[in-house]
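Encoded as structure tokens, the structure appears first; notes follow it.
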Protein chains: 2
Amino acid sequence: MNAPTNRDTLLRCAATLLRQKGYDGVGLAEILSASGLPKGSLYYHFPGGKRELATAATLCTGAAIQRLIDRAFADADSFATGAAALARAIAALIPPGGPVQACPVASILQASGQEPALRDAARQVMNDWAACLAAHATRLGHAAPQDAADLLLMQMEGAWLLALAEQSPRPLERLAALKT
Amino acid sequence: MNAPTNRDTLLRCAATLLRQKGYDGVGLAEILSASGLPKGSLYYHFPGGKRELATAATLCTGAAIQRLIDRAFADADSFATGAAALARAIAALIPPGGPVQACPVASILQASGQEPALRDAARQVMNDWAACLAAHATRLGHAAPQDAADLLLMQMEGAWLLALAEQSPRPLERLAALKT
DNA sequence: AGACATCTGGACCGATCGGTCCAGCCCCGC
DNA sequence: GCGGGGCTGGACCGATCGGTCCAGATGTCT
């Protein structure tokens, strides 16, 4: 059955709350009450405390989004159509009634100035995404794969930020439309 | 001499610290000690407390950046060259040795889920920028000014975010180069 | 000089923060 | 039956959070 362990629950709740309120915006108490677990569990599974939990959650979500990238580009016949599919996929992540959640990297970036561990995690996820996009660009025969990948990453992050600002998937859908 | 009032000092310090640590990341004590003023002054000039100070500081910085946009596009002969100039101008804001500061809007966006006042401020600044960019696109005879403005805003915000992640102006310079 | 409005200085408050610590439950192999 | 990790439950801690309040310094009128 592969029942989710308490550690997984902690990661999941932390990831969600982090993306909603940012690193400094969530308290441990909030994460704990959302997961229904006591403090002891947290510090057993993540001895490094909030820092460790947040970095682990970010890396986890980052990997999930990379899978989303791969899936979007899997049956694309060009980089542009893959990019449009990706934008639509990210837009589709937004729960219909619920709040728009930030990009996991963006959500810890503000606090990364004080927390080297967070900055490393943010950097690594970004680099992974960029490399992944560049690989797809190369595979699809793009003339300047590195440029295309970096530019798309900028556009995607920007659109995600705008979506957060206006609490609507529209900017992401807009980007998808502009890519066609 | 137009000496800066204490209110101005408060706004300036708050703007800087907000962009470095985010809304939830700065404490009033920190802003106060940076400005060398007591709590009484803050709550006299900004009875709404942290919320009011942060929204005022964001609107202020937002307006300053809009002036930067106007300046960058002032002597541009096309939307693309204006865009490149703007990216370079934002990159130039980054203090050589110091930390990369976030976009003022991005820095309050995470907390805007809990603070309607912040979300309104973020939205307004974004809308102003978009309108401003669209006006320049129209003026310079772009075929689809709205699309161009929105896309550029996405790219600029994304590049700014990447710059924050790798603590270097390179993504912004990269965007400027790709625009040429 | 005296009265009034403006602004500052800082003590103080309850709530919440992240983090520590340990008693004890539970389930395992013996 | 029993011993011993793996894990949980939660009391507790000092620090810091945003916010309140007011005495009094300062400037500006009449």
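In the text below, chain A, chain B and the rest are named by the order of the sequence lines, each starting its count at 1.
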Report the distance from atom CG of B:Leu32 to atom C1' of C:dG9, rounded to the nearest whole Å. 11 Å
Using a 4.0 Å heavy-atom cut-off across all strands, classify B:Gly40 as base, sugar-phosphate, or nothing. base
Comparing A:Tyr44 with B:Tyr23, nearest DNA chain D nucleotide closer to 5' gives the residue A:Tyr44
Separation of atom CG in B:Leu10 from atom P in D:dG18, rounded to whole Å: 13 Å
Compare the minimum distances between each of D:dG9, C:dC17, D:dC7 and the side chain of A:Pro38, then state the nucleotide with the smallest one. D:dG9
Using whole Å, what does the distance between atom C1' of nucleotide D:dC13 and atom OH of A:Tyr43 come to? 13 Å
With sequence neighbours excluded, what pairs up with A:Asp24 under the salt bridge (Lys or Arg N to Asp or Glu O under 4.0 Å) test? none
Please tell me whether A:Leu86 and A:Val105 are part of a single hydrophobic cluster in this structure, the criterion being side-chain heavy atoms less than 4.5 Å apart. yes
B:Lys50 side-chain proximity, nearest of C:dT8, C:dT20, D:dG19: D:dG19
Rounded to 10°, the helix from C:dA1-D:dT30 to C:dC27-D:dG4 deviates from straight, judged by its five-pair end axes, by 10°
Within a radius of less than 6.0 Å around CZ of A:Arg139, do more than 12 heavy atoms belonging to other residues, nucleotides or ligands occur? yes
Just wondering, more than 12 heavy atoms not from B:Arg123 lying within 6.0 Å of its CZ? yes
Test your reading of the model: is there a side-chain donor-acceptor pair from A:Ser112 to the backbone of A:Glu115, 3.5 Å cut-off? no
Under a 3.5 Å threshold, yes or no: a donor from one side chain and an acceptor from the other, between B:Thr9 and B:Asn6? no
Would you call the rings of A:His142 and A:Phe79 parallel, tilted or perpendicular, where under 30° means parallel and over 60° means perpendicular? perpendicular
Distance below 4.0 Å between A:Ser41 side-chain N/O and D:dT8 OP1 or OP2: yes
Rounded to whole angstroms, how far apart are NE2 on B:His45 and C1' on C:dT8? 9 Å
Give the rounded distance in Å between these two atoms: CG of B:Leu53 and C1' of D:dG19. 14 Å
Send over the distance from A:Phe46 CZ to C:dG18 P, rounded to a whole Å. 16 Å
From C-beta outward on B:Lys39, which listed nucleotide comes closest to its side chain: C:dC17, C:dG9, D:dG18? D:dG18
To the nearest angstrom, the CG-C1' distance between A:Leu28 and C:dG18 comes to 6 Å
Rounded to whole angstroms, how far apart are CZ on A:Arg7 and P on D:dG6? 15 Å
